[in-house]
Amino acid sequence: MQQNVLPADYYLTNFRQLTDFVVSRYAHLLGEDALAFYQALTSLPDDAQKLYVRMLLRKGQYFRRSKLGYDEITSVDAALNVLAEAGFVTVDAPAPDVALVKLFTKAELVACFADASLKPLSRAELDESLLQRPIREVCDQLLAFAQRQDGEQLIQLCRGEHFVVFRLLFFGNLHQDMTDFVLRDLGLSRYESYPLDADSAALQTPDQVAAHLLYYDYCEQAENIDDHCAADITCMLRSLVSELMTATKSDSVLRRRVHRLLLKYARQLERLQATQAALEIYQQVDRPPSRERQARLMAEQHRFVEALALCEQILQDSTNEEEQEFAEAFAARCLKKAARSGCDTSNLMASHALQRARLNLAKYTPPTELLALSGADTSVEECVAAHFRSHGACFFVENTLMNAVFGLALWEVIFAPVKGAFYHPFQIGPADLYEDFASNRQGLLQRFWQEISDSDSLSAKVLATFRTKSGIANPFVHWPALDEALLTLALARIPYAHWEAVLKRMLLDIRHHRSGFPDLIWFPDSGGYELLEVKAPGDKVQQNQRRWMAYFDRHHIPHRLVNVQWL
DNA sequence: ACCCGCCACGCATCG
DNA sequence: TCTACGGTTG
DNA sequence: CGATGCGTGGCGCAACCGTAG
Ligand SMILES: [Mn+2]
Ligand SMILES: [Mn+2]
């Protein structure tokens, strides 16, 4: 892959692109101080802006002058003077902050504090021991130590917190950053070009922005928290709930993010045996696997009636297949345990949902073959593929093939300019991909199925898109795993009705139906095709894999489970 | 598309 | 001296 | 025993540098 050469001030250009974009579209969402920050910074000479942005893009807010070696800046010292004058940095006047310690090496710290007892400590222990001392004194000594070195200065970057707001408004999240610009400009990633209409924005109101910023504050807090202190975690989560839960009512994106965070840390509370706290947090979340976790915790405490009530609720209203299957199986087990422990189960047995669950327990068993192979140095899947290649072509595809055909066939639908779906240039897909993708595109999909109504039109569409969009990011297309020969063969051998069935199930629930496809696709010399899921001894079919195979069975899509036995 | 989603693997537990 | 890692760079 | 649940590891741009051990 060719690598483009970037201009020396590429980072300033990128910074300006981002901030200009935000100011021109979202000025009404920027606070007064953020806007003032932008105006003050952009009125400085280029060199000062360059240095400021260089520091802004590095970690932390403290820097040693000796580590600011930027050849493209005519005079770093002059730039620093300008920045200091304008209040964008301080020089040799750092706030007392433990982060300053990170600017110095072990050897320097030992010398700085002239304390030989520090020497045998590891870096982590050294940091820890300095943390015990008064911060003020430590920082004074560090500053004095730095100043004793020729030309050294301690720079503190100021007002950097405003850039976070710009990033949030630009990307709609804080996990993307300026590297997206660089990777694109280097030619390492390519994005589809979709219109960014004036009215599409990730965030709409100042309150929403504030809530998101608060959420990311909590994320940061969570990352720095002691993972095995249940009390600390509980305390943080309670505070998050009280400050953020109301904001999630009207903001589905924030809701999703907050729920994820709560689920993750409630699970951690479980590991720490903090059952009550975990339950308390789970009760704030109404998405899977919250009720499953609650039911498990209830059953663990022999509160079978409550566990069963949760299962019953799931059976009645959950649209999540995995959660449904859990409730069916778990309810059956709980009923047994409840009966055995002498609970009165007569009320429970009257529940329709629970009765249905007890009948519904049969799991689909795919056609199965036992294959004896002698071990090799490659993966099981490759061994089995090699075996099947003696009677045809065989590829190790897992999700990549079906997903690729989905992504290529539906390319225009995926990137259609639906309102609110695209709001910055670095999206690999629409914002609502995993939410209401199909219902927000009913007309487009209807026209798609009219246009793509047979094998020829599907093949033509997929192969044409494969060529014209090659290399462009798409949430379903993993370009390196794809080659035209495989695609051509698959399109020729797999009947239209099968493709239609697969794509339609994917469309029903993209998030949960984009995975679980079998390992291999085999094209026998005699024609046709078959999907093969390989299992080594000790491995077993996963739930999402089984659901796909059950669906294959209903649609007469040829598939098989290949259990390997090592010779 | 948030130290993840996706897959396989290895271990402990339990009817 | 060598290696592992995190931070910085384009 | 098989079934189940839990935790794990690899894979994510690549080259370079300084620091820690
Ligand atoms: Mn697999
Ligand atoms: Mn497999």
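First the proteins, then the strands, lettered A, B, ... as listed; each starts at 1.
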What is the distance from OH of A/Tyr215 to C1' of B/dC2, rounded to the nearest Å? 6 Å

Which pairs count as ring pair (Phe, Tyr, Trp, His ring centres under 6.0 Å) when at least one residue sits in residues 208-230 of chain A, sequence neighbours excluded? none

Summary of salt bridge (Lys or Arg N to Asp or Glu O under 4.0 Å) pairs that have at least one residue in residues 51-69 of chain A, sequence neighbours excluded: A/Arg54-A/Glu72, A/Arg64-A/Glu108, A/Arg64-A/Glu152, A/Arg65-A/Asp77

Spacing of the P atoms in D/dG12 and C/dC5 (rounded, Å): 16 Å

Would you check if A/Phe166 and A/Phe21 make a side-chain contact, meaning some heavy-atom pair closer than 4.5 Å? no

Salt bridge (Lys or Arg N to Asp or Glu O under 4.0 Å): which pairs involve residues 170-193 of chain A, sequence neighbours left out? A/Glu192-A/Lys469

Say we look at D/dG9 and C/dG6: how far apart would their P atoms be, to the nearest angstrom? 15 Å

Counting just side-chain N and O atoms, does A/Gln427 come under 4.0 Å of either OP1 or OP2 of B/dA1? no

For the pair made of NZ in A/Lys540 and P in B/dA8, what is the distance, rounded to whole Å? 12 Å

Between P of B/dC7 and CZ of A/Phe396, the distance in whole Å: 10 Å

Tell me whether the NZ or CZ atom of A/Arg505 lies within the 45° cone about the ring axis of A/Tyr551 and under 6.0 Å from its centre. yes

When rounded to whole Å, the CG to P distance for the pair A/Leu262 and B/dC2 reads 17 Å

Touch check for A/Glu533, heavy atoms < 4.0 angstrom, all strands: base, sugar-phosphate only, or nothing? sugar-phosphate

Between A/Phe406 and A/Phe437, is the ring centre distance below 6.0 Å? no

Can you build the contact string for nucleotides 9-15 of chain B? Use B for base contact, S for sugar-phosphate-only contact, and - for no protein heavy atom under 4.0 Å. S------

What's A/Arg293 touching, base or sugar-phosphate or nothing? Going by heavy atoms closer than 4.0 Å. sugar-phosphate

Min side-chain heavy-atom separation A/Ile521-A/Cys394 under 4.5 Å: no

Taking any heavy-atom pair under 4.0 Å as a contact, classify A/Arg184: base, sugar-phosphate, or nothing. nothing

Residues passing the ring pair (Phe, Tyr, Trp, His ring centres under 6.0 Å) test with A/Phe326, sequence neighbours excluded, are A/Phe330

Which residues satisfy the ring pair (Phe, Tyr, Trp, His ring centres under 6.0 Å) test with A/Trp566, sequence neighbours excluded? none

Could you measure between the two C1' atoms, the one in D/dC11 and the one in C/dT3, and give it in whole Å? 22 Å

Is the positively charged end of A/Arg511 above the ring of A/Tyr434, judged by distance under 6.0 angstrom from the centroid and angle within 45° of the axis? yes

Residue A/Asn399, side-chain atoms from C-beta onward, closest of B/dC7, B/dA1, B/dC2: B/dC7

Any chance you could list the contact pattern along nucleotides 4-10 of chain C? Use B for base contacts, S for sugar-phosphate-only contacts and - for none, protein heavy atoms under 4.0 Å, 5' to 3'. ---SSSB

Can you measure A/Arg167 atom CZ to B/dA1 atom P for me and round it to whole angstrom units? 15 Å

Under 4.0 Å, heavy atoms only, any strand: does A/Ser122 hit a base, just the sugar-phosphate, or nothing? sugar-phosphate

Return the set of residues passing ring pair (Phe, Tyr, Trp, His ring centres under 6.0 Å) with A/His478 (not counting sequence neighbours), or none when no residue passes. none

Output all residues satisfying ring pair (Phe, Tyr, Trp, His ring centres under 6.0 Å) with A/Phe552, sequence neighbours left out; order by chain, then residue number. A/Trp548, A/His559

Mind checking if A/Gln545 touches a base, just sugar-phosphate, or nothing, with heavy atoms under 4.0 Å? sugar-phosphate

Mind checking A/Asp519 for me? I need base, sugar-phosphate or nothing, with any heavy atom below 4.0 Å counting as a touch. sugar-phosphate

Base, sugar-phosphate alone, or nothing: which one does A/Ile428 contact when heavy atoms must sit under 4.0 Å apart? sugar-phosphate

Pairwise salt bridge (Lys or Arg N to Asp or Glu O under 4.0 Å) hits with a residue in residues 420-429 of chain A, at least two apart: none

Using whole Å, what does the distance between atom P of nucleotide B/dC7 and atom CE of A/Met402 come to? 14 Å

Does A/Gly429 reach a base, just sugar-phosphate, or nothing at all? Heavy atoms under 4.0 Å. nothing

Nearest whole angstrom, please: distance from the P of B/dG5 to the CG of A/Asn403. 15 Å

For D/dG18 versus C/dT1, give the span between their C1' atoms, rounded off to a whole number of Å. 16 Å

Does B/dG5 have OP1 or OP2 under 4.0 Å away from a side-chain N or O of A/Asn544? no

Name the first nucleotide and the last nucleotide along DNA chain D (5' to 3') that come under 4.0 Å of a heavy atom in chain A. D/dT4 to D/dG21

Please report the distance, rounded to the nearest Å, between CZ in A/Arg260 and P in B/dA1. 13 Å

Among residues at least two apart in sequence or on other chains, which ones pass side-chain hydrogen bond (donor to acceptor under 3.5 Å, both in side chains) with A/Glu322? none

Interatomic distance at P, B/dA1 relative to D/dA15, whole Å: 23 Å

Answer yes or no: does a side-chain N or O of A/Ser515 lie under 4.0 Å from OP1 or OP2 of B/dC6? yes

